[in-house]
Amino acid sequence: MNNHPFHLVNNSPWPITGSIGVMTLTSGMIMWFHKINMNLFMLGFIIVILTMIQWWRDVIRESTFQGLHTKKVVVSMKLGMILFIISEVLFFSSFFWAFFHSSLAPTMEIGLNWPPMGIKTFDPMNIPMLNTMILLSSGITMTWAHNAIINKNYTQMIQSTMLTIYLGIYFSILQLYEYIESPFCISDSIYGSTFFMSTGFHGIHVMIGTIFIIVSLLRMLNLHFSSDHHVGFEASAWYWHFVDVVWLFLYITVYWWGK
């Protein structure tokens, strides 16, 4: 029996298998791009997916069935999630820094102009505006789901969470369509680089957040959450709201102001 209220995790193979999977996935992407061979990429993808499934299984087992997530542990987890989101804010700050550095003082190489000469930008009132409405709506449905959990409304909890997932997938599909139809690419000067790096990493975060919420939905369907013990869902909600806020900044600066 532990004489402290904190949770010390058991030895786990998943951090090392996850690292191997990510390294294989990255190497596989290089092979895919340069050698047109997807074998290593698919191997890395499979390792990462299997690691995610089994790691989440262990976390769910600890929290729901073993009762290791005490009140003090939950406080620590919430603090850890807040610190993680702060690190993500700093991560995106680097992209905004690069964008403003280049747009406020455009160099001779890009024609002393922003957007650079020859770049045809997206209409901010087209797909970007629709995507903004979609993400803002998903933030509302996520808040609705959180409120439903607190008020023990099981039906609304499931409905609102599923609606959030649909909106997240819809956003990703529209972003993919925008990329396919883009009149410029990532190698088209500093504009293409900053545009695709910032919106691309945001898109990856949307996909990660959608998976996060899907896992929360599966746990809801298995009755893993209660009105006063749902830290896993709260973490996914905080992450999703962070994704919403980043998109608002991207829309206002990259799509609208930087047009």
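Heavy-atom basis, side chains included; hydrogens, waters and symmetry copies ignored.
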If you define the side chain from C-beta out and look only at heavy atoms, does anything of Ile211 sit under 4.5 Å from Met52? yes

Using a 3.5 Å distance criterion without hydrogens, assess whether the side chain of Ser138 forms a donor-acceptor pair with backbone atoms of Leu135. yes

Report the C-alpha distance between Trp247 and Phe242 in whole Å, list the side-chain angles of each, state the deciding distance to 0.1 Å, and finish with yes or no for side-chain contact (heavy atoms from CB on, under 4.5 Å). CA-CA 9 Å; Trp247 175 258; Phe242 156 74; over 6 Å; no

Between Ile16 and Trp55, is there a shared hydrophobic cluster once you connect ILVMFWY residues whose side-chain heavy atoms come closer than 4.5 Å? no

Do Leu136 and Leu248 have side chains that get closer than 4.5 Å, going by heavy atoms? yes

Under 3.5 Å donor-acceptor, Asn113 side chain and Pro115 backbone: yes

Quick one: pull up NE2 in His146 and CD1 in Ile150 and give me the separation to the nearest 0.5 Å. 4.0 Å

Under a 4.5 Å cut-off applied to non-hydrogen side-chain atoms, are Leu112 and Thr107 in contact? no

Does any N or O in the side chain of Thr24 come within less than 3.5 Å of the main-chain N or O of Ile20, such that one atom is a donor and the other an acceptor? yes

More than 12 heavy atoms of other groups within 6.0 Å of Trp257 CH2: yes

Taking all non-hydrogen atoms of both residues into account, name the closest pair between Thr141 and Ser160 and its distance. O-CB, 3.5 Å

Atom pair OH (Tyr191) and CD1 (Ile119), whose distance is rounded to the nearest 0.5 Å: 8.0 Å

So, for Phe184 and Phe195, is the gap between ring centers shorter than 6.0 Å? yes

With side-chain contact (heavy atoms from CB on, under 4.5 Å) as the test, would you mind laying out the steps for Arg219 and Thr64 before giving the verdict? CA-CA 10 Å; Arg219 295 191 65 192; Thr64 308; 2.9 Å; yes

Does the separation of the ring centres of His230 and His224 fall below 6.0 angstrom? no

When hydrophobic residues are tied together by side-chain contacts of less than 4.5 Å, even through go-betweens, does Ile214 share a cluster with Leu223? yes

Side chains of Trp114 and Pro116: does their closest heavy-atom pair fall under 4.5 Å? yes

Do the non-hydrogen side-chain atoms of His69 and His229 ever get within less than 4.5 Å of each other? yes

Between Ser193 and Ile186 (side chain of the first, backbone of the second, donor and acceptor by atom type, cut-off under 3.5 Å), is there such a pair? yes

Contacts of Arg61 that satisfy salt bridge (Lys or Arg N to Asp or Glu O under 4.0 Å) - sequence neighbours left out: Asp58

Passes side-chain contact (heavy atoms from CB on, under 4.5 Å), Phe233 versus Leu217? Steps please. CA-CA 9 Å; Phe233 175 81; Leu217 175 64; over 6 Å; no

Parallel, tilted or perpendicular, judged at 30° and 60°: which one describes the rings of His202 and Phe171? perpendicular

Closest heavy-atom pair, Gly21 versus Val48, reported as atoms and distance to 0.1 Å, is C-CG2, 3.6 Å

Does a sphere of radius 6.0 Å around CE in Met129 hold more than 12 heavy atoms from other residues, nucleotides or ligands, not counting ones at 6.0 Å or beyond? yes

In one Ile/Leu/Val/Met/Phe/Trp/Tyr side-chain cluster, 4.5 Å: Tyr170, Val246: yes

For residues Ile110 and Ser189, report the shortest heavy-atom separation together with the two atoms involved. CG2-CB, 4.2 Å

Take Thr143 and Asn147, measure what side-chain contact (heavy atoms from CB on, under 4.5 Å) needs, and give me the verdict at the end. CA-CA 6 Å; Thr143 305; Asn147 188 65; 5.6 Å; no

Test of understanding: clusters of I, L, V, M, F, W, Y form through side-chain heavy atoms closer than 4.5 Å, transitively. Do Met197 and Trp97 belong to the same one? no

Say you draw a straight line from CD of Gln159 to OH of Tyr154; how long is it, rounded to the nearest 0.5 Å? 11.0 Å

Determine whether the side chains of Trp14 and Gln54 contain a donor N or O and an acceptor N or O closer than 3.5 Å. no

Determine whether more than 12 heavy atoms belonging to other residues, nucleotides or ligands lie under 6.0 Å from atom CZ of Phe100. yes

Look up atom CH2 in Trp240 and atom CE in Met142, then write down how far apart they are to the nearest 0.5 Å. 8.0 Å

Exam field: side chain Tyr251 to backbone Pro124, donor-acceptor pair closer than 3.5 Å: yes

Strictly distance-based, threshold 3.5 Å: is any side-chain N or O of Ser102 a donor or acceptor partner for the main-chain N or O of Phe99? no

Answer whether the closest heavy-atom distance between the side chains of Leu250 and Phe96 falls below 4.5 Å. yes

Given Phe92 and Phe201, is the ring pair (Phe, Tyr, Trp, His ring centres under 6.0 Å) satisfied, shown in steps? CA-CA 8 Å; Phe92 276 100; Phe201 268 109; 7.3 Å; no

Within one Ile-Leu-Val-Met-Phe-Trp-Tyr cluster: Ile36 and Ile30, side-chain cutoff 4.5 Å: no

Taking only distance into account, with no hydrogens and no angle test, what donor-acceptor pairs under 3.5 Å do side-chain atoms of residues 73-88 form with protein atoms, sequence neighbours excluded?
{"unit_1": "Ser76", "atom_1": "OG", "unit_2": "Lys72", "atom_2": "O", "d": "3.2"}
{"unit_1": "Lys78", "atom_1": "NZ", "unit_2": "Glu234", "atom_2": "OE1", "d": "3.2"}
{"unit_1": "Ser87", "atom_1": "OG", "unit_2": "Phe84", "atom_2": "O", "d": "2.5"}
{"unit_1": "Glu88", "atom_1": "OE2", "unit_2": "His205", "atom_2": "NE2", "d": "2.3"}

Testing the 3.5 Å rule here: is there a donor-acceptor pair between the side chains of Asn37 and Asn39? yes

Will you find, in the side chains of Thr51 and Thr17, an N or O donor that is under 3.5 Å from an N or O acceptor? yes

What one should report as the nearest heavy-atom pair of Gly139 and His241 is O-CE1, 3.3 Å

Can you confirm whether Cys185 sits close enough to Asp188 that some side-chain heavy atom of one is under 4.5 Å from a side-chain heavy atom of the other? yes

Is there a donor-acceptor contact under 3.5 Å from the side chain of Asn126 to the main chain of Asp123? no

More than 12 foreign heavy atoms under 6.0 Å from CZ of Phe249: is that the case here? no

Where do Ser226 and Ile149 come nearest, in terms of heavy atoms and distance? O-CG2, 3.7 Å

Hydrogens and angles aside, do Thr132 and Tyr255 bring a side-chain donor and acceptor to less than 3.5 Å of each other? no

Nearest-0.5 Å distance that lies between atom CG in Leu174 and atom CG in Asn131: 5.0 Å

How close do Leu218 and Asn222 get, counting heavy atoms only, and between which atoms? O-ND2, 2.8 Å

Distance col, row Ile180:CD1 vs Gln175:CD, nearest 0.5 angstrom, shows 11.0 Å

Answer yes or no: does atom OH of Tyr177 have more than 12 heavy-atom neighbours from other residues, nucleotides or ligands under 6.0 Å? no

Is the Phe212-Trp238 ring centre distance short of 6.0 angstrom? no

Does a sphere of radius 6.0 Å around CZ in Phe122 hold more than 12 heavy atoms from other residues, nucleotides or ligands, not counting ones at 6.0 Å or beyond? yes

